[in-house]
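For reference, the structure discussed in these notes is given below.
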Number of protein chains: 2
Amino acid sequence: MKQTLAPASDDALKLSAWLPYRLFLVAAQVARPLESFYSETFGLSQAGWRILAVIAERDAANASEIGRACALDPFAVSRGIGQLVELGFAVRRPGKTDRRFAAVSITRSGRTAFNRIAALGSAIEARLLARLSDSERTTLDSALTRLEGESARIDAVGWRALLDDAATP
Amino acid sequence: MKQTLAPASDDALKLSAWLPYRLFLVAAQVARPLESFYSETFGLSQAGWRILAVIAERDAANASEIGRACALDPFAVSRGIGQLVELGFAVRRPGKTDRRFAAVSITRSGRTAFNRIAALGSAIEARLLARLSDSERTTLDSALTRLEGESARIDAVGWRALLDDAATP
DNA sequence: GCATTATACTTGCACATTGCAATTATTTGT
DNA sequence: ACAAATAATTGCAATGTGCAAGTATAATGC
């Protein structure tokens with residue numbers, strides 16, 4: 001044999017056309033400027049920003065609520081809250097009825113920071129949406145809702161089940 | 001004053017409705033099972049998998065081509081290639097004409113591994129697409145193409161320009 | 001033609017992030 | 001009251017990332 005390198009098969013997955021990668025690419029590219037903004041300006045981490053966004057709309061949240069709302073594990077949530085508290089952007093109090101739960105609330109300066117970051121976030125979103133027609137926005141919105149649901153299921157079942165499913169259609 | 005906590009403003013950015021976050025969420029959730037699969041089965045990192053996918057469709061690629069194709073910086077590419085070589089999934093040769101350039105090619109066993117991972121990737125994609133109608137798929141495809149372009153521009157201009165633009169509409 | 005500069009990539013090291021075990025604090029069940 | 005369960009936190013090891021410096025090669029200037 002003259003060649004140890006393998007030839008491409010024609011039905012091969014193409015990264016640049018693979019839906020999850022395309023979604024990731026858009027998300028990652030717009031996340032970068034936003035991330036440099038809040039990290040340079042406020043010294044906030046990605047987890048910190050997400051948690052800030054959650055407590056901005058939901059007062060006295062506990063850690064698991066926050067984790068569920070922004071897809072972070074309890075460790076990351078705990079550390080993120082710690083960072084926000086250190087920066088003076090959040091306060092942590094024991095829960096009213098059950099004191100195992102934390103009651104995390106945004107502070108005034110946390111709200112100010114959030115508003116500044118959210119302004120940039122909205123500007124980014126506006127630029128993206130400006131590329132779409134009204135009907136495309138509507139379609140994208142409803143499609144994304146279903147994709148969110150399906151991706152949660154995909155995540156939940158794990159790769160073994162996914163391969164089994166693929167084998168027995 | 002009876003309250004040190006800041007009230008929510010009504011036009012606030014809501015994380016769960018913010019387009020970039022929604023895209024990220026779907027991408028992250030489906031990436032998780034895929035990542036456990038290739039890391040458990042082949043000991044491959046995320047960068048390793050992406051590079052493998054690139055060299056699976058583009059033979060004798062050099063490091064900067066790979067980096068551009070899968071959004072990795074040169075360091076990550078170099079290390080990812082190193083990992084693939086160690087696993088026997090890729091070979092690194094000096095470029096034909098200019099020997100500063102690497103010519104990275106996938107090996108037979110690299111191709112085998114890629115095909116197995118790609119099978120899972122395609123199964124995941126199929127499950128996502130099954131939730132959409134034909135016309136939704138078409139719309140999503142063309143919308144994503146434009147979003148990719150716009151997000152690249154957003155990334156390129158940086159946050160200062162984005163805020164300036166928002167201030168002067 | 002030889003020294004200088006530029007390019008492509010790699011490596012070493014410091015630093016940050018993450019994952020997981022163990023810990024603390026609190027509540028619930030018996 | 002004591003054991004088990006639950007929410008959250010912390011310490012530490014492993015892992016990943018960013019950047020400075022290094023190597024190898026090619027192009028440029030004199």
Side-chain angles (χ1 to χ4, degrees), chain A residues 24 28 31-33 35-36 38-40 42-51 54-55 58 60-87 90-105 155 158, chain B residues 24 28-29 31-33 35-40 42-52 54-55 58 60-87 90-105 155:
Chain A
F24 164 81
R32 218 158 356 207
E35 193 165 347
S36 356
Y38 60 61
S39 91
E40 287 172 28
F42 302 110
L44 218 52
S45 69
Q46 199 199 106
W49 149 243
R50 280 202 239 164
I51 295 169
V54 171
I55 62 177
R58 179 197 301 231
N62 65 49
S64 16
E65 279 173 347
I66 294 174
R68 233 172 301 120
C70 58
L72 291 170
D73 61 64
F75 309 114
V77 173
S78 174
R79 284 166 177 145
I81 294 171
Q83 181 181 59
L84 292 176
V85 171
E86 229 173 279
L87 291 168
V91 289
R92 192 170 4 203
R93 272 196 281 256
K96 269 203 151 114
T97 61
D98 186 331
R99 305 201 316 186
R100 286 172 303 182
F101 291 84
V104 182
S105 302
D155 187 16
Chain B
F24 165 81
Q29 280 177 336
R32 218 156 0 203
E35 193 164 346
S36 3
F37 174 64
Y38 61 61
S39 89
E40 287 172 28
F42 302 109
L44 219 52
S45 69
Q46 198 198 107
W49 150 242
R50 280 202 237 164
I51 295 169
L52 189 66
V54 171
I55 62 177
R58 179 197 299 230
N62 65 48
S64 14
E65 279 173 348
I66 295 173
R68 233 172 302 120
C70 58
L72 291 170
D73 61 65
F75 310 114
V77 172
S78 175
R79 283 166 177 142
I81 294 171
Q83 180 182 60
L84 292 176
V85 170
E86 228 174 281
L87 291 168
V91 289
R92 193 171 0 204
R93 270 198 282 255
K96 268 201 150 117
T97 61
D98 187 330
R99 305 202 314 188
R100 286 172 303 181
F101 292 84
V104 182
S105 301
D155 188 15

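Labels below follow one simple rule: chain letters A, B, ... track the order of the sequence lines, proteins then strands, and each chain is numbered from 1.
Taking side-chain N and O atoms only, B/N62 has no distance below 4.0 Å to OP1 or OP2 of C/dA8.
When the side-chain contact (heavy atoms from CB on, under 4.5 Å) test is applied to A/R32, the partners found at least two apart in sequence or on another chain are A/Q29, B/D155. By the side-chain contact (heavy atoms from CB on, under 4.5 Å) test, B/S64 pairs with B/N62, B/R68, sequence neighbours left out. Shown here are the side-chain contact (heavy atoms from CB on, under 4.5 Å) partners of B/L72, two or more places apart in sequence or in another chain: B/A47, B/R50, B/I51, B/C70, B/A76, B/V77. Scanning for side-chain contact (heavy atoms from CB on, under 4.5 Å) contacts around B/E35 gives B/Y38, B/Q46, with sequence neighbours left out. Considering only residues two or more places apart in sequence or on other chains, B/S45 meets the side-chain hydrogen bond (donor to acceptor under 3.5 Å, both in side chains) condition with B/Q83. Residues satisfying the ring pair (Phe, Tyr, Trp, His ring centres under 6.0 Å) criterion with A/F42, sequence neighbours excluded, are A/F89.
The CD atom of B/Q46 sits 11 Å away from the C1' atom of D/dG16 (whole-angstrom rounding). Atom pair B/L44:CG and D/dT15:P shows a separation of 15 Å (rounding to whole Å applied). The CG atom of A/L72 sits 13 Å away from the P atom of D/dA8 (whole-angstrom rounding). When rounded to the nearest whole Å, the span between CD1 of B/I81 and C1' of C/dT11 equals 14 Å. To the nearest angstrom, C1' of C/dT10 lies 14 Å from CD of B/E86. If you measure from atom CZ of B/R93 to atom P of C/dT10, you get 15 Å, rounded to the nearest angstrom. Between the CZ atom of A/F101 and the C1' atom of D/dT6 there is a distance of 7 Å, rounded to whole Å.
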*Tell me, for nucleotides 14-20 of chain C in 5' to 3' order, what letter each nucleotide earns: B for a base near a protein heavy atom under 4.0 Å, S for only sugar-phosphate near one, - for neither?*
----BBB

Between the protein and nucleotides 25-30 of chain C, list the N/O to N/O atom pairs that are separated by less than 3.5 angstrom.
| residue | atom | partner | partner atom | Å |
| --- | --- | --- | --- | --- |
| C/dT27 | OP1 | A/R99 | N | 3.4 |

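Minimum heavy-atom separation, A/G43 to A/L87: O-CD1, 4.1 Å.
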Cut-off 3.5 Å, no hydrogens considered: what does the side-chain donor-acceptor table look like for residues 94-102 of chain B, sequence neighbours left out?
| residue | atom | partner | partner atom | Å |
| --- | --- | --- | --- | --- |
| B/D98 | OD1 | B/R100 | N | 2.9 |
| B/D98 | OD1 | B/R100 | NE | 3.2 |
| B/D98 | OD2 | B/R100 | NE | 3.4 |
| B/D98 | OD2 | B/R100 | NH2 | 2.7 |

